[in-house]
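Everything below concerns the one structure shown next.
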Amino acid sequence: MKKMMLATMIGCAILSTSVIAQPNTDKVVIAHRGASGYLPEHTLPAKALAYAMKPDYIEQDVVMTKDDKLVVLHDHYLDRVTNVATVFPNRARKDGRFYAIDFTLAEIKQLSVTEGFNIKEGKQVQGFSERFPIWKSHFTVPTFQEEIEMIQGLNKTLGYDIGLYPEIKAPWFHRHEGKDISKAVLTVLKHYGYIDKNSNIYLQTFDFNELKRINDQLMPAMGMDLNLVQLMAETDWNETMVYDKAGKAHAYSYDWMFKPDGMKVLSQYADGIGPWKPMIVKDSSTVGHIELTDMVKNAHENGMVVHPYTFRADKDRIPAYVKDYDGMLEVFYNQADVDGVFTDFPDKAVHFLQQQSQPQKQ
């Protein structure tokens, strides 16, 4: 209860000191893992802070525990953002990772969460060095329900209508482990009133086979019809795996999505796509000479929205073809004509759209 109050207080404190108007635009801002540029990703304080910045949607990455509970965590393992290796040192799998699916919710609630880190030469090195200091303050892994209730509660008390943008993480992995995470996520969403395309929600996944299953089988059986988004990856990222008859995993090929009829096929199952930024604006672009692919045009022609990822204001994450973060937003929102962006810095994107919507002085 104290942690929930802390998260709400942080968000409301920001809101009370800044007048943030809803942008007069059809472009949207998606808070990527919350206000993850300022607080550890996917913690309730990061979501409360994001809420106060008034994006259109707040993202939740959802994974399942050993006892079939749903928690909000970007990876389906725990070791990148928690102290699991210290609390449960003997619980790693052969690959050295500590998988959430091997721990009960009660065990996961014992862990502390911090800013993401990597292990280099035996030491923890913070992934974004200029962000919230590693292992400072105290954060925990929230359940999916805890986050929904906080966002819905703030919508009620503050009178806004900020939506959810959950991602079903690695459904292929969960199903291989005997757990139907997609059905579990849909059950929770239905319980909280997210049932059709009028609900303020997009449900996303990288796994096309699972997206198709959700659209064709699970949602019809449950009396649901949510807006679905197909996330797009490069095949060699191994973002989605498929298992052969021998039980060996192979990378799912995304190559067909980039072919001329790819968007047409996707539009039969999805209401939108979530591509990586370079899939829209080529890395070969230079300042003043932006090279666009046909992806946005093709998606729009097939009735889908386009929400690329991930927009970060960290100095080393600004592409060479723009001078700053706002320049990046200008290229994507205005030149590429995307419908929204996933960003670690939702306040900056909201401010950019506010400025865009204001009448220009003569």
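Using a 4.0 Å cut-off between charged nitrogen and carboxylate oxygen, E41 and R80 count as a salt-bridge pair. Comment: D68 engages K179 in a salt bridge, judged by a side-chain N to carboxylate O separation of less than 4.0 angstrom. A salt bridge is absent between E107 and K66; no separation between the charged side-chain nitrogens and carboxylate oxygens falls under 4.0 Å.
Other residues, nucleotides and ligands contribute only 12 or fewer heavy atoms inside 6.0 Å of the CD atom of E130. For H351, the NE2 atom sits in a loose shell: 12 or fewer heavy atoms of surrounding residues, nucleotides or ligands are nearer than 6.0 Å. More than 12 heavy atoms of other residues, nucleotides or ligands shown are found within 6.0 angstrom of NZ on K197.
Annotation: F206 is not in aromatic contact with W237 [ring centroid separation under 6.0 Å not met].
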Salt bridge (charged side-chain N to carboxylate O under 4.0 Å, His left out) assessment of K212 paired with D216: CA-CA 6 Å; K212 189 174 184 296; D216 293 353; 3.2 Å; yes
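For the residue pair D207 and T205, no side-chain donor N or O sits within less than 3.5 Å of a side-chain acceptor on the partner. A donor-acceptor contact closer than 3.5 angstrom is absent between the side chains of Q355 and D326. Side chain to side chain, D255 and T235 meet the donor-acceptor criterion of an N or O pair below 3.5 Å. Y57 and H307 are not linked by any side-chain donor-acceptor pair at a separation below 3.5 angstrom, with hydrogens and angles left out of the test. For the residue pair Y194 and Q152, a side-chain donor N or O sits within less than 3.5 Å of a side-chain acceptor on the partner. Side chains of N209 and Y252: no donor on one and acceptor on the other come within 3.5 Å.
Expressed to the nearest 0.5 Å, how far CG of L226 lies from CG of L218 amounts to 11.0 Å. Between the CZ atom of F311 and the CZ atom of R317 there is a distance of 13.5 Å, given to the nearest 0.5 Å.
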All N/O donor-acceptor pairs, side-chain side in residues 110-118, below 3.5 Å, sequence neighbours left out:
{"from": "S112", "atom 1": "OG", "to": "H138", "atom 2": "ND1", "distance (Å)": "3.4"}
{"from": "T114", "atom 1": "OG1", "to": "W135", "atom 2": "N", "distance (Å)": "2.6"}

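Of the candidates R97, R91, R93, R93 is the only one forming a salt bridge (charged side-chain N to carboxylate O under 4.0 Å, His left out) with D102.
Heavy-atom minimum distance, Y309 versus G274: CE2-O, 3.1 Å.
Residues passing the side chain to side chain donor-acceptor pair (under 3.5 Å) test with N302, sequence neighbours excluded: none.
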